[in-house]
Participant: 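Have a look at this one.
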Amino acid sequence: MSALSYAVTDSTTMLRRNLRRLTRYPSLTLMLIGMPIVFLLLFVYVFGGQLGAGLSHQLNAGHTGRSRYLNYLTPGIMLMTVAAAVQGTAIVVAMDMTGGIIDRFRTMPIARASVLTGHVLASMIQTLLSIAVVLGVAIALGFRPAANAADWLGVLGVVLLFAFALIWLATALGLAAKSVETASNTPMFLTLLPFLGSGFVPASTMPVGLRQFATYQPFTPVTETLRALLTGTQVGDNATLAIAWCVGIALASYIWARHLYSHRGAR
Amino acid sequence: MIDGARYAIEATGLRKSFGETLVLDDVDLAVAQGTVFGLLGPNGAGKTTIVRILSTLIPADAGELRVAGHDLKRDPDGVRSAIGVTGQVAAVDELCTGADNLRLMADLNHLGRAVGRQRVSELLNAFELADAARRPVSTYSGGMRRRLDLAMTLVGSPRVIFLDEPTTGLDPRGRRTMWHAIRRLAADGITIFLTTQYLDEADQLADRVAVLDHGRVVAEGTPAELKRRIPGGHIRLEFDSDDALEAAAQALVNAAREQETLVLRVPSDGSTATLRRVLIMLDEVGVEAAQVSVNTPDLDDVFFAVTGHGTKQEVLAS
């Protein structure tokens, strides 16, 4: 077999291993999916009535305050789902790196990249499933997207790209962590970013300093792109910005992760 | 002198520093194919660093290194395809079952479905893990974990195996089981590179032993050679009266005397000639010893003699 086909075989083996680990450790996935769902329920039912009333012209007519807010909130919650899911990536990567098994892999004649590729692919699947569950809950609560087939394709594309970027970032954070505990904490700031963007309320309602941060941080154009696609409104520049951010984060994180992986264990 | 076909592991002038600290200082090792080589030393001597270098995990700073005929620097994948490594930390997947772990190794060794299945069940049986095969490894005992670890190392049928302190932390029964497994591998002609801080372990298992201290090989040879080379062997004479002890001590001037126990220790190389000479001298002064024993040094004595200090255990015990 050629080097390339070994790389594919080994990556598939590693993907299977990581998926099996996910099924053997379901509490982690459940906890990570639970978090955005709790925020969804909290914000729709506790704050939603009031917040929706303030969103007068944001969304199409025919919705009351609460369901109008649900339509506004769902894209932000979807990104929060990705941010929560990648905490799991950092944890499982750190579990591998701090345990003995990584040294076993590194002394075997397997494609080097397959260890990280397996983690990233498994996390992509886990994240997509999480998004599907959270979106299902939102729809059960009354979320009614106005997206057509092309818009849905766009949604899928944006989610995939965004997940890919954050998963590589979490992989690097997991590699950089000295312990599993650290790895479970460092990506936590990502789950805050939907709040400090346009995920929960429009950035325009925030005080100046925060508003500037909220307007220019990467989650905001991604949120706006998703929101526009789901509500069938104009996407505008946000898509370009969103793609640029995702590609940038993915690339930088990939380089960082690869560096950490190959320089690991100098001691 | 050193011949690639005869030696499974060759290291010449191996050096390694971590920052300012010199960890390995000009280490030379040669391990003949199909033999068990014991690397002996206290904690921090550099044993694990040698294993990590020879198993391609970290690069050496200097040195000519070949494992299973492959140059470590130029052909690390060639080395990897010939070796198996069982480190100090059990390299197993805690979340998965024992069978899952072995199957993963079969897949990563590209054994194919049928061959892989067969190999997995062989190893489960050989290492007495068949009953626990479907349980997650997190429920395994320390000994089972080590056995699974070693079984995983063997899935790819390696020709050279590195065992880094394979019995540290095991109870006596676990240790015996592990020794038995290692002897079986040696009998199959696999070259084994073993590190240990237990002197009796090296004595029991290894064909040749190198003593490592502060990153330098301070002694090398078969366990028997090392014992012979090192002074410390003695003939122990026990008497039943002060008078007999006194008379014997006058005749054997180089003996060490233990008054309370009425014992004389006469330095000896363990040969019959020395023993005969001692007995003749006793005869000449007309003294009978109540008991005579010939003590050859054990590896503890070897360690003390070559390093000038005891092993860590000795320091703690004293």
Side-chain angles (χ1 to χ4, degrees), chain A residues 1-29 88 91-119 122 126 179-180 261-267, chain B residues 16-19 21 23 48-49 51-52 54-59 67 70 75-97 99-101 103-112 116 136-138 145-146 149 152-153 155-156 158 160-162 164:
Chain A
M1 269 202 275
S2 72
L4 182 66
S5 75
Y6 268 146
V8 173
T9 317
D10 292 342
S11 297
T12 316
T13 303
M14 289 298 184
L15 168 63
R16 264 207 313 276
R17 161 178 185 256
N18 287 306
L19 290 177
R20 189 180 305 124
R21 282 160 59 86
L22 284 178
T23 63
R24 293 268 150 83
Y25 187 13
S27 56
L28 177 66
T29 310
I91 291 172
V92 294
V93 168
M95 280 170 81
D96 264 9
M97 298 301 151
T98 55
I101 194 125
I102 186 65
D103 283 347
R104 180 182 292 288
F105 293 149
R106 291 162 65 99
T107 56
M108 294 177 72
I110 57 175
R112 290 240 118 181
S114 65
V115 176
L116 294 186
T117 312
H119 276 299
Q126 185 198 17
S179 71
V180 177
Y261 181 64
S262 54
H263 288 77
R264 200 199 150 269
R267 239 202 128 94
Chain B
K16 178 76 186 176
S17 305
F18 292 127
T21 325
V23 189
T48 298
T49 305
V51 170
R52 291 181 70 80
L54 293 177
S55 62
T56 75
L57 282 171
I58 54 173
V67 174
H70 303 277
D75 186 14
D77 265 334
V79 173
R80 289 185 190 116
S81 63
I83 64 169
V85 188
T86 292
Q88 282 182 46
V89 189
V92 297
D93 194 329
E94 297 273 332
L95 296 177
C96 294
T97 67
D100 283 344
N101 270 291
R103 229 172 281 133
L104 174 68
M105 290 302 117
D107 289 344
L108 289 177
N109 279 296
H110 313 114
L111 291 190
V137 174
S138 49
R145 223 168 274 222
R146 291 287 174 91
D149 198 341
M152 286 168 75
T153 300
V155 172
V160 179
I161 294 181
F162 294 92
D164 193 9

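In what follows, chains carry the letters A, B, and so on, assigned in the order in which the sequence lines appear, proteins first and then strands, with residues in each chain numbered from 1. Values in this document were obtained by computation on a predicted structure and should not be read as measured data.
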Participant: Need one label for B/Val85: side chain, backbone, both or neither, based on atoms under 4.5 Å from any heavy atom in chain A.
Facilitator: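 Contact with chain A is through both the backbone and side chain of B/Val85.
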Participant: Hey, which of B/Ile83, B/Asn109, B/Leu104, B/Asp93 has the most heavy atom pairs under 4.5 Å with chain A?
Facilitator: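 Most pairs with chain A among the choices: B/Asp93.
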Participant: Just do the side-chain contact (heavy atoms from CB on, under 4.5 Å) check on B/Thr56 and A/Arg106 with the steps written out, would you?
Facilitator: CA-CA 8 Å; B/Thr56 75; A/Arg106 291 162 65 99; over 6 Å; no
Participant: Check whether B/Thr153 gets within reach of chain A through its side chain, its backbone, both or neither, counting any heavy atom under 4.5 Å.
Facilitator: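 Both parts, backbone and side chain.
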Participant: Is it true that B/Arg52 and A/Asp103 have a side-chain N and a carboxylate O under 4.0 angstrom from each other?
Facilitator: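 Salt bridge: yes.
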Participant: Is it true that B/Asp149 and B/Arg146 make a salt bridge, defined as a side-chain N closer than 4.0 Å to a carboxylate O?
Facilitator: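 So B/Asp149 does not pair with B/Arg146 through a salt bridge.
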Participant: Between A/Gly100, A/Pro109, A/Ser114, which has the largest tally of heavy atom pairs under 4.5 Å with chain B?
Facilitator: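 Result: the option with the highest number of such pairs is A/Pro109.
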Participant: Check this for me: does any side-chain nitrogen of one of A/Arg24 and B/Glu94 sit under 4.0 Å from a carboxylate oxygen of the other?
Facilitator: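 Salt bridge between A/Arg24 and B/Glu94, a charged N being under 4.0 Å from a carboxylate O: no.
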Participant: Using heavy-atom distances under 4.5 Å, tell me whether B/Thr48 contacts chain A through its side chain, its backbone, both, or neither.
Facilitator: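 Nothing of B/Thr48, per the 4.5 Å heavy-atom cut-off to chain A.
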Participant: Between A/Arg16 and B/Asp107, is there a side-chain N and carboxylate O pair less than 4.0 Å apart?
Facilitator: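 Judged by the 4.0 Å cut-off on N to carboxylate O distance, A/Arg16 and B/Asp107 do form a salt bridge.
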Participant: Out of A/Arg21, A/Met14, A/Met95, return the one with the most heavy atom pairs under 4.5 angstrom to chain B.
Facilitator: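 Most heavy-atom pairs under 4.5 Å with chain B: A/Arg21.
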Participant: Of the options B/Thr86, B/Leu108, B/Asn101, which is the one that meets B/Met152 in a side chain to side chain contact (heavy atoms under 4.5 Å, CB included)?
Facilitator: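 Filter result, single survivor: B/Asn101.
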Participant: Shorter than 4.5 Å, heavy atoms on both sides: which option in A/Asp10, A/Ile101, A/Thr12 has the most such pairs with chain B?
Facilitator: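 The answer is A/Ile101.
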